[in-house]
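Here the structure comes first, spelled out in structure tokens, and everything after it is commentary.
For the numbers below, each heavy atom of this structure counts, side chains included, while hydrogens, waters and symmetry mates do not. A quick note: this is a predicted structure, and the numbers were derived from the prediction, not measured.
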Amino acid sequence: MPRTYSIRTTGRTVYDELQAAIYPIYKKAGLMGVLFLAVLIVGVHCWLAIAIVHRFVTAIFLLVCVCLFWVGLLAHFYGHKLPEDPYSKVEAQLSKYKWLPYIAALLALAAVTAFVLTQSLHSRPRLQSFGSLILILIVSILFSDNPGRIKWRPVVCGIVLQYLVALAILKWEAGREAFRFGIDQIVYFLGYTSAGTNFVFGYIPVPPNICGMDGPFSFTSLPILIFFSAIISAAYYLGFVQWTTRMMAVLLQWTMGTTSAESLNAMGSVLIGPTDGALLMQFALPSMTYSEIVAALAVGYSMIDGSLFALYIAFGACPTLLLSANVMSAPAVLTISKLICPEVQKSRQKDMNTFSFPPTEAESLLDSICKGAVSAMSVIFAIIANLIVFLALIAFLDRTIGYVCSAVGYDDVTFNKVLGWAFFPLAYIMGVSDAPDWETQKDEILKVAQLIGTKTALNEFIAYQQMQQMLVNKEIGGRAQLMAIYCLCGYSNPSQIGSQLGIYGAMCPQRKKDFVTAAAKGLLIGSLTCFMTACVAGSIVSTDMGCLPTTNPLCFDVSNGTNPRWVSAQ
């Protein structure tokens, strides 16, 4: 008898899977399409072999892409049905020992605590960050709807996952270099947007290198959102977004014990951003429990869209720190959510295999690219409108507060300073500065507190812009910059409440009451999530990992008409 290979519990063979995968291609493109695909795959592998022989360093990216292709292919064939959560079987066997999960949780927390303390005994700021992490957990318990029903598995595993990600990216040299390599490729890829903007807008995005003459923000940075949105739309049409999100969500479900809806929403938001990630919940919302709804809305406050990465990197946000903050926020937001709003109902979203993604509206790959590009225009206009309004509002508040305070003898008081004083205790407790003297520490703490206040009162976009100016003026050091990047990496501000209610209310009108009550909790959870990721990173990192905003080193000074010359842009 011929030898066959079964695919887990599905009873299907490799031949069946190959036939199922090839038939849709054959149906759409015919025999020539299948042959073209086969020749393309063989050709890519031959090209890879030649590239490796020629120069291995330049072939690394192609090698990584081919390896990811084979991993995806094997996962498609051998992962037709995702296996059950292995923890559930163990939990069923040990259900009579109700005290065992608590002992395991205490041991895990003790191990994490011992590791962090041994790493930060000689660094007061790192100890402050770890102490702030414990304080955030205590505050979450105090605000909990039902402290007696808290399940500690997602809490403990969520903290452990955050530390594993932070250690792999921030402390492990090989992991940091691999992560940085991937980020550099993404930033380089998004840089191709300039080819389109230069053609459409001419010299406006790239004006002559004259001091004080920079390309308008709306013509240089915002078009990246169009390119990114088009690529994500194409990836969704091809099924890459759905497959990747499902594979990543399995990790959260297996470790933290969260439901499929919660896990997919969190990991989908890491991949495509919280705005588009929310749309993945369209079919699940009617049957989701209240705790799951709170977790879903909280995700929208705790992360940022990947399309904004290139913008914030130009403002001085280190690419590695920015993306790691988004990744760490996935387990962090579920950790805080399960503390503040524990699950008290029976979920119907436990099986990852039954979760349905919304179908794409595009009729072809090119149509998906076009629709993705067009859909980004509304986002761009919304950003421009918000910037005009909020910057005008800041100028008005600065003048008003300055006038009121100067009337009683207090000069140079601004809106930013008021925010800094309000959030100074929080920034100090988190250990945002490692400056050697108190005066420098106080200034750095106040600056970071101003950024946190701006992000909380207005939005993170303006806060990152202000951070750019602080870096140019050398007002904050490397650790203060690191802590600020993590604290600002999220949409946790009151203006996001309307956006969240609009998105979820449109998808599931019958549950608007639940969305309204969950929105305020989500804002609190999102804020605590950003602070938690900052504390986790700050408790294990003490070296200067600062990045400077991208600027031209020289510019042509024409202010002195009789003697124009090249000078430093700084």
Which atom of Ser495 lies closest to which atom of Leu458, heavy atoms considered:
OG-O, 3.7 Å
Salt bridge between Lys447 and Glu444, side-chain N to carboxylate O under 4.0 Å?
no
Can you name the closest pair of heavy atoms from Cys487 and Ala534 and give their distance?
SG-CB, 3.6 Å
Between Tyr491 and Gln500, do the side chains contain an N or O donor and an N or O acceptor separated by less than 3.5 Å?
no
Is atom CG of Asp437 surrounded by more than 12 heavy atoms (other residues, nucleotides or ligands) closer than 6.0 Å?
yes
Side chains of Arg246 and Gln242 only: does a donor on one sit below 3.5 Å from an acceptor on the other?
no
Would you say the side-chain atoms of Tyr163 and Ser539 include a donor-acceptor pair closer than 3.5 Å?
yes
Inter-residue atom distance Ser433.OG - Ile476.CD1, 0.5 Å rounding:
10.0 Å
Count the heavy atoms belonging to other residues, nucleotides or ligands that lie under 6.0 Å from CZ of Phe424, then report whether that count exceeds 12.
yes
Considering non-hydrogen atoms only, spot the tightest contact between Ala295 and Ser337 and give its length.
CA-OG, 3.7 Å
Look at the aromatic rings of Tyr192 and Phe189 and report parallel, tilted or perpendicular, splitting at 30° and 60°.
perpendicular
Scan side-chain atoms only and decide if Ser129 and Arg479 contain a donor-acceptor pair under the 3.5 Å cut-off.
yes
Side-chain donor-acceptor contacts of residues 225-235 below 3.5 Å, not counting sequence neighbours, with atom names and distances?
unit_1, atom_1, unit_2, atom_2, d
Ser229, OG, Gly372, O, 2.5
Ser229, OG, Ser375, OG, 3.4
Ser233, OG, Ser368, O, 2.6

In terms of heavy-atom contacts, Thr440 and Ala435 come closest through CG2-CB, 3.6 Å
Quick one: sort the Tyr504 and Phe515 rings into parallel, tilted or perpendicular, breaks at 30° and 60°.
tilted
Which of these passes side-chain contact (heavy atoms from CB on, under 4.5 Å) with Ile340: Thr335, Leu528, Ile141?
Leu528
Once side chain to side chain contact (heavy atoms under 4.5 Å, CB included) is applied, do any residues pair with Asp398, and if so which ones, sequence neighbours excluded?
Ile394, Thr414, Phe415
Pair up each side-chain donor or acceptor in residues 194-201 with any protein partner under 3.5 Å, not counting sequence neighbours, and list the distances.
unit_1, atom_1, unit_2, atom_2, d
Ser194, OG, Gly191, O, 2.9
Thr197, OG1, Thr193, O, 3.4
Thr197, OG1, Ser194, O, 3.1
Asn198, ND2, Ser194, O, 3.1

Looking only at heavy atoms, which two atoms of Ala519 and Leu501 are closest? And how far apart?
CB-CD2, 3.9 Å
Using a 6.0 Å cut-off, check whether atom CZ of Phe181 has over 12 heavy atoms from anything other than its own residue.
yes
Hey, could you give me the CD1/CZ distance between Ile138 and Phe143, rounded to the nearest 0.5 Å?
13.0 Å
